[in-house]
Engineer: 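This is the structure I want to talk about, given as structure tokens.
Residue numbers begin at 1 in each chain, while the letters A, B, ... track the order of the sequences.
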2 protein chains.
Amino acid sequence: MSSRTRVPDELHETVVSRLARLGQRYTTNRKSLVAMLWAEGRPMTLPEMLEADAALAQSSAYRNLVVLEEAQVLHRLVTTGPFACWELAEDLTGHHHHHLICRSCGVVEDFTASPDLERLLGKAVGQAGSAAGFVAEDHRLDLLGTCNNCR
Amino acid sequence: MSSRTRVPDELHETVVSRLARLGQRYTTNRKSLVAMLWAEGRPMTLPEMLEADAALAQSSAYRNLVVLEEAQVLHRLVTTGPFACWELAEDLTGHHHHHLICRSCGVVEDFTASPDLERLLGKAVGQAGSAAGFVAEDHRLDLLGTCNNCR
DNA sequence: CTAAGATTGAGGATCATTCTCAAAAAGGTC
DNA sequence: GACCTTTTTGAGAATGATCCTCAATCTTAG
């Protein structure tokens, strides 16, 4: 539980400029979402966000998540559960990572792969072109298992 | 496009016995779904299945996909797109694989990782326990890019 | 301060998926 | 083959996460 308290100025500035590129403002609601994800340090679903900040309106939250996603500030994860899951974009946190997903409760935690593994993943991305003309650009790795709480 | 024509007897028998474990029959509709996925050789969404076999009723198809998933005959993928995606369970095809996902059209193709990469993935699964008490049991790897059609 | 434009939020609309239930089909038994 | 029991089917309704609408409110520029 890496509970961080304040969004660094540098991150703040980057978010401002990415939103500005799309002609969007960094409003109070949007700041709340970014600050919450920063503080939590792991991907969150919409119900989690609404619970964490009762002042958020559901429709505005959804809309702002989409705006922040389009601005490449947030990234939407694909999950097994019924809810989508958002995290800060990797290039904002400077922390390339993958996910540990609990099969029991669905919680998602971050996980850093070994340099060896990352190197091979990069290689796999480069080589995938051989298969049926597919050009790979990126990779996504999840480890599935059981979290500390559910054991 | 690896279009295979007939489901092997061995696969057929395995499906029968897995359904039997749950007290379920291998009905005509369920055979259609399995045969279709076998013939197609890649994960398919529900609309794709309905288009491939106009005789399928939507509600029955959804229900049978769930039954086949519970029997561990099929596996449901998580995707970015609006539709879920199903494939034959890995241990039925005897073919451990990952996925190439086209960011443009969403099509999913199979992809076999190198032995080196698989070895490191297995190692990562084993080591993940160190992180916050998480016990990993399995891994999921997707390569994201552009398919042959969309280029 | 004011006008123009962006954002908000309550509620409604959408749509993939699941559920309901009456009709049809499949087994088992004689 | 006919009969009974249980499962499966499929058309349509219900559910629920997400997205849209629009009048009210807030921001920013001038």
Side-chain angles (χ1 to χ4, degrees), chain A residues 12 15-36 43-71 73-87 105-106 108, chain B residues 12 15-36 43-71 73-87 105-106 108:
Chain A
H12 184 89
V15 174
V16 169
S17 85
R18 291 198 183 182
L19 282 167
R21 273 202 309 240
L22 303 183
Q24 299 277 0
R25 300 172 185 161
Y26 197 18
T27 64
T28 308
N29 277 342
R30 293 172 189 172
K31 281 179 198 160
S32 292
L33 293 171
V34 169
M36 182 183 301
M44 295 177 79
T45 63
L46 190 96
E48 285 171 343
M49 295 186 208
L50 294 183
E51 192 179 6
D53 181 353
L56 285 178
Q58 188 185 61
S59 61
S60 300
Y62 270 116
R63 183 169 0 82
N64 284 324
L65 288 168
V66 170
V67 169
L68 289 165
E69 192 185 4
E70 285 169 349
V73 171
L74 300 187
H75 180 228
R76 188 194 301 232
L77 307 187
V78 299
T79 66
T80 312
F83 299 104
C85 210
W86 280 269
E87 67 183 352
C105 70
V108 181
Chain B
H12 184 88
V15 174
V16 169
S17 84
R18 291 197 183 182
L19 283 167
R21 276 203 308 241
L22 302 183
Q24 299 277 0
R25 300 172 185 160
Y26 196 18
T27 64
T28 307
N29 276 343
R30 294 172 188 170
K31 281 179 197 159
S32 291
L33 293 171
V34 169
M36 182 184 299
M44 296 177 79
T45 63
L46 190 96
E48 285 171 344
M49 294 186 209
L50 293 182
E51 191 179 7
D53 181 353
L56 285 178
Q58 188 186 59
S59 60
S60 301
Y62 269 116
R63 184 168 359 83
N64 284 323
L65 288 168
V66 171
V67 169
L68 290 165
E69 191 185 7
E70 286 170 347
V73 171
L74 300 188
H75 180 230
R76 189 196 301 232
L77 307 187
V78 299
T79 66
T80 311
F83 299 104
C85 209
W86 281 269
E87 68 183 353
C105 70
V108 181

Engineer: To the nearest Å, give me how far apart CD (E70(B)) and P (dT8(D)) are.
Structural biologist: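 These atoms are roughly 12 Å apart.
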Engineer: Is a side-chain donor-acceptor pair under 3.5 Å present for Q24(B) with R30(B)?
Structural biologist: yes
Engineer: Nearest whole angstrom, please: distance from the P of dT28(D) to the OH of Y26(A).
Structural biologist: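 Checked: the OH to P distance equals 14 Å.
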Engineer: Assign Y62(B) to base, sugar-phosphate, or nothing according to its heavy-atom contacts below 4.0 angstrom with the strands shown.
Structural biologist: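 The answer is base, as Y62(B) lies within the cut-off (heavy atoms under 4.0 Å) of a base atom.
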Engineer: Look at the side-chain N and O atoms of T27(B) and state whether any lies under 4.0 Å from the OP1 or OP2 oxygen of dT9(D).
Structural biologist: yes
Engineer: Assess the residue pair H75(B) and W86(B) against the criterion (side chain to side chain contact (heavy atoms under 4.5 Å, CB included)); give the C-alpha distance rounded to whole Å, side-chain angles, the decisive distance to 0.1 Å, and a yes or no.
Structural biologist: CA-CA 6 Å; H75(B) 180 230; W86(B) 281 269; over 6 Å; no
Engineer: For S59(A), answer base if it contacts any base atom (sugar-phosphate contacts may also be present), sugar-phosphate if it contacts only those atoms, and nothing otherwise; contact means non-hydrogen atoms under 4.0 Å.
Structural biologist: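 Since a base atom lies under 4.0 Å of S59(A), the category is base.
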Engineer: Starting at atom CG of L46(A), determine the distance to atom C1' of dC19(D), rounded to an integer number of angstrom.
Structural biologist: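 Those two atoms, CG and C1', are 12 Å apart.
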Engineer: If only atom types and distance count, is the side chain of S59(B) paired as donor or acceptor with the main-chain N or O of R63(B) below 3.5 Å?
Structural biologist: no
Engineer: Can you tell me the distance, in whole Å, between the NZ atom of K31(A) and the C1' atom of dC26(D)?
Structural biologist: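 Going from K31(A) (NZ) to dC26(D) (C1'), I get 13 Å.
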Engineer: With respect to the side chain of A57(B), which nucleotide from dC20(D), dA11(D), dT8(D) is positioned closest?
Structural biologist: dA11(D)
Engineer: Which residue, W86(B) or R63(B), contacts DNA chain C at a nucleotide closer to its 5' end, judged by nearest heavy atom?
Structural biologist: W86(B)
Engineer: Would you please test V73(B) and V67(B) for side chain to side chain contact (heavy atoms under 4.5 Å, CB included) and show each step?
Structural biologist: CA-CA 9 Å; V73(B) 171; V67(B) 169; over 6 Å; no
Engineer: Check the pair Y26(A), V15(A) against side chain to side chain contact (heavy atoms under 4.5 Å, CB included), reporting the backbone distance first and the verdict last.
Structural biologist: CA-CA 8 Å; Y26(A) 197 18; V15(A) 174; 3.5 Å; yes
Engineer: If I take atom CG in residue L19(A) and atom P in nucleotide dT28(D), what distance separates them, rounded to the nearest angstrom?
Structural biologist: 13 Å
Engineer: Taking the side chain of R25(A) as heavy atoms from C-beta outward, which of dC20(D), dT8(D), dT27(D) is closest to it?
Structural biologist: dT27(D)
Engineer: Please report the distance, rounded to the nearest Å, between CG in L22(B) and C1' in dT8(D).
Structural biologist: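 In whole Å, dT8(D) C1' lies 15 Å from L22(B) CG.
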Engineer: Report the nucleotide, chosen from dC20(D), dT9(D), dA17(D), that has the shortest atom-to-atom distance to any side-chain atom of N29(B).
Structural biologist: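 Of the options given, the side chain of N29(B) lies nearest dT9(D).
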Engineer: Is the side chain of E48(B) donor-acceptor paired with the backbone N or O of T45(B) at a distance under 3.5 Å, no angle test?
Structural biologist: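 Judged by distance alone, yes, a pair lies under 3.5 Å.
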Engineer: Please report, rounded to the nearest Å, how far the C1' atom of dA13(D) is from the CD atom of Q58(B).
Structural biologist: 13 Å
Engineer: Reckon S60(A) touches a base, only the sugar-phosphate, or nothing at all at heavy-atom distances under 4.0 Å?
Structural biologist: base
Engineer: Give Q24(A) one of three labels, base, sugar-phosphate or nothing, depending on what nucleic acid heavy atoms sit under 4.0 Å from its own.
Structural biologist: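 Result for Q24(A) = sugar-phosphate.
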Engineer: Reading DNA chain C in the 5' to 3' direction, which nucleotide is the first one with an atom under 4.0 Å from a heavy atom of chain A, and which is the last?
Structural biologist: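 That gives a stretch of dA6(C) to dG11(C).
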Engineer: When you look at L33(B) and M49(B), which way does the side chain to side chain contact (heavy atoms under 4.5 Å, CB included) test go after all the steps?
Structural biologist: CA-CA 8 Å; L33(B) 293 171; M49(B) 294 186 209; 3.9 Å; yes
